[in-house]
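Note that these values count all heavy atoms, side chains included, but never hydrogens, waters or copies made by symmetry. Below, read A as the first sequence line, B as the second, and so on, with proteins coming before strands; counting in each chain starts at 1.
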There are 2 protein chains.
Amino acid sequence: MYPETIDRYSKLPFYQQLYEILLNKIQQGEWQPGDMIPPESELIENYQVSRNTVRQVLDMLVNEGLIYRQRGRGTFVAHPSLEQSMTRIVSFTEDMQQREFTPGTQVLSATLLPAEAEIAAKLQIQTGEQLACLRRLRLADGEPMSIEESYLVHSYCPEILQHDYAQQPLRKVLETDFGIRIASAKQVIKAILAPPELIDLLDIKTPAVLLFIERVSFSQGKIPVEFLRIYYRADRYSLFNELHE
Amino acid sequence: MYPETIDRYSKLPFYQQLYEILLNKIQQGEWQPGDMIPPESELIENYQVSRNTVRQVLDMLVNEGLIYRQRGRGTFVAHPSLEQSMTRIVSFTEDMQQREFTPGTQVLSATLLPAEAEIAAKLQIQTGEQLACLRRLRLADGEPMSIEESYLVHSYCPEILQHDYAQQPLRKVLETDFGIRIASAKQVIKAILAPPELIDLLDIKTPAVLLFIERVSFSQGKIPVEFLRIYYRADRYSLFNELHE
DNA sequence: TAGTGGTCTAGACCACAAA
DNA sequence: TTGTGGTCTAGACCACTAA
């Protein structure tokens with residue numbers, strides 16, 4: 001399924017290929033949190049690249065918080081942390097597991113509609129172009145945690161609404177059915193007063209506060225694919241991150 | 001004032017020394033946003049280090065969003081972006097300038113008080129130890145933008161309250177008077193309903209929503225120095241960031 | 001002592017941008 | 001064509017950890 005060796009004639013640089021290979025081993029759980037990954041010497045041997053190339057890849061994974069190094073001991077898979085959810089694209093399921101909640105999902109609606117100007121601009125399409133809109137209520141330990149409104153450019157992923165998203169992650173369908181992998185995203189984080197129509201759905205009392213995120217997600221080719229609005233119950237959800245000089 | 005060459009007998013690695021030198025040129029404005037910085041070949045020549053070492057330093061600055069590279073053209077100082085304020089320690093003044101507001105500050109109070117258990121734990125000190133508390137109203141274009149409550153471990157910086165913080169940045173006093181440089185921080189971001197006592201100060205109407213940040217800042221020696229609460233008017237302030245795989 | 005990651009060097013060839 | 005950054009190699013010596 002995924003390549004295990006570096007294609008020396010590929011247009012992709014060695015370090016990107018090796019990054020994909022190692023990332024995959026972590027994401028697929030072949031290497032578990034806390035596991036030591038093979039030492040640099042072994043990666044050099046296995047993949048037939050220089051130490052600098054190996055270290056370039058490990059640096060990337062360290063920067064993303066996926067692994068950490070200990071001099072004299074080795075390199076280890078990091079335990080998922082809440083900080084990661086601020087800089088890495090993390091699924092709702094992963095996010096909730098890190099917060100030690102049991103995740104759940106209810107589909108509120110799945111419809112086609114023409115793009116409003118505001119959303120069209122963010123997705124770099126024409127106003128009125130068809131969008132697939134998926135609204136989901138997200139649960140944590142059975143209680144409402146957030147509402148997610150996804151708007152997908154329908155021409156990139158026709159028939160996308162013919163799945164049961166209570167069971168299946170949207171991201172996985174995008175990847176397996178349409179070959180679209182979300183590689184990066186930009187988002188805005190706000191605090192808002194809960195709109196009346198969300199009060200009942202989220203099972204909160206007015207006046208209630210929400211942490212509100214608007215996100216544009218891009219494919220590997222940097223094409224905007226999805227516009228997402230997430231309304232989090234502020235009494236149950238907060239964000240963490242680290243700053244440096 | 002700041003070293004301009006690499007001390008080849010220092011305990012600090014070359015790349016850290018070079019990082020300090022280049023960071024300083026950017027922060028002091030010697031190199032302005034949009035300026036091309038010297039090409040790698042020149043940095044190699046100037047500082048007598050290898051290309052890998054130069055590139056290691058430039059990689060760090062790129063990761064922090066301070067510079068960007070264009071193949072075939074050169075390396076340039078980045079224009080400050082709103083995204084940076086999510087991962088870099090940015091002063092209120094800088095942050096407002098990036099948002100194209102004119103910043104202003106009013107000191108609400110400056111007092112000494114004993115540490116509550118909650119704050120003491122975050123600052124890794126004993127409950128009841130003396131804290132310097134500085135409360136400031138922050139203005140943008142003359143209108144209230146946020147309230148900042150700083151709690152500093154007083155034994156690290158005695159007499160710190162004997163300055164006029166309407167004029168002088170707290171961070172600068174810490175550095176020049178006490179040799180404390182804030183190098184990293186951890187923060188939590190929440191949405192809250194405005195507490196009644198802040199309503200008037202922020203010139204908002206109830207029920208009002210705030211973006212609320214609690215931050216612990218660490219010195220270069222990783223010692224917690226400051227606990228900070230910031231209450232932002234949600235109608236005027238939001239956060240931006242980028243995510244990746 | 002053996003094995004790990006941390007730092008550093010001196011080269012090489014390539015792709016891209018501007019003149 | 002020249003100069004820039006992008007990728008890659010093959011070595012070296014060091015500091016730290018664990019046995």
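- Pairs of residues two or more places apart, or lying in two chains, that qualify as ring-ring contact (aromatic ring centres under 6.0 Å, His included) and include a residue from residues 57-84 of chain B are B/Tyr68-B/Phe76.
- Listed nucleotides D/dC8, D/dG6, C/dT9 differ in distance to A/Pro13; the shortest reach to its side chain belongs to D/dC8.
- Judged by the 6.0 Å distance and 45° axis criteria, A/Arg236 is positioned over the aromatic ring of A/Phe101.
- Rounded to an integer number of Å, the gap from CD of A/Gln56 to P of D/dT7 is 6 Å.
- Checked for salt-bridge contact, B/Glu245 and A/Arg181 meet the test: a charged N lies under 4.0 Å from a carboxylate O.
- When rounded to the nearest whole Å, the span between NZ of B/Lys11 and P of D/dC16 equals 13 Å.
- Of the possible polar contacts, one joining the A/Glu94 side chain to the A/Ser91 backbone as a donor-acceptor pair under 3.5 Å is found.
- Rounded to an integer number of Å, the gap from CZ of B/Arg69 to C1' of D/dG6 is 9 Å.
- Note that the CD1 atom of A/Ile67 and the CG atom of A/Leu22 stand 8.0 Å from one another [nearest 0.5 Å].
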Tabulated below should be each protein N or O lying under 3.5 Å from an N or O of nucleotides 1-4 of chain D; please produce it.
unit_1, atom_1, unit_2, atom_2, d
D/dG3, N2, B/Gly72, O, 3.0
D/dT4, O2, B/Gly72, N, 3.1

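- Applying the 4.0 Å criterion to OP1 and OP2 of C/dT9, one finds that B/Arg55 has every side-chain N and O outside that range.
- One can place OH of B/Tyr47 at 16 Å from P of C/dC8, the figure rounded to the nearest angstrom.
- Rounded to an integer number of Å, the gap from CG of B/Leu43 to P of C/dT9 is 13 Å.
- Side-chain atoms of B/Asn241 do not come within 3.5 Å of backbone N or O of B/Glu83 as any donor-acceptor pair.
- One interatomic measurement links the two molecules: CG of B/Leu61 to C1' of D/dG5, which rounds to 15 Å at whole-angstrom precision.
- OP1 or OP2 of C/dT9 has at least one side-chain nitrogen or oxygen of B/Thr53 nearer than 4.0 Å.
- Salt-bridge check for B/Glu40 with B/Arg55: passed, with a basic side-chain N closer than 4.0 Å to an acidic carboxylate O.
- The nearest whole Å value for the distance from the CD1 atom in B/Ile44 to the C1' atom in C/dG11 is 11 Å.
- Atom P of nucleotide C/dG3 and atom CZ of A/Arg51 are separated by 15 Å, given to the nearest angstrom.
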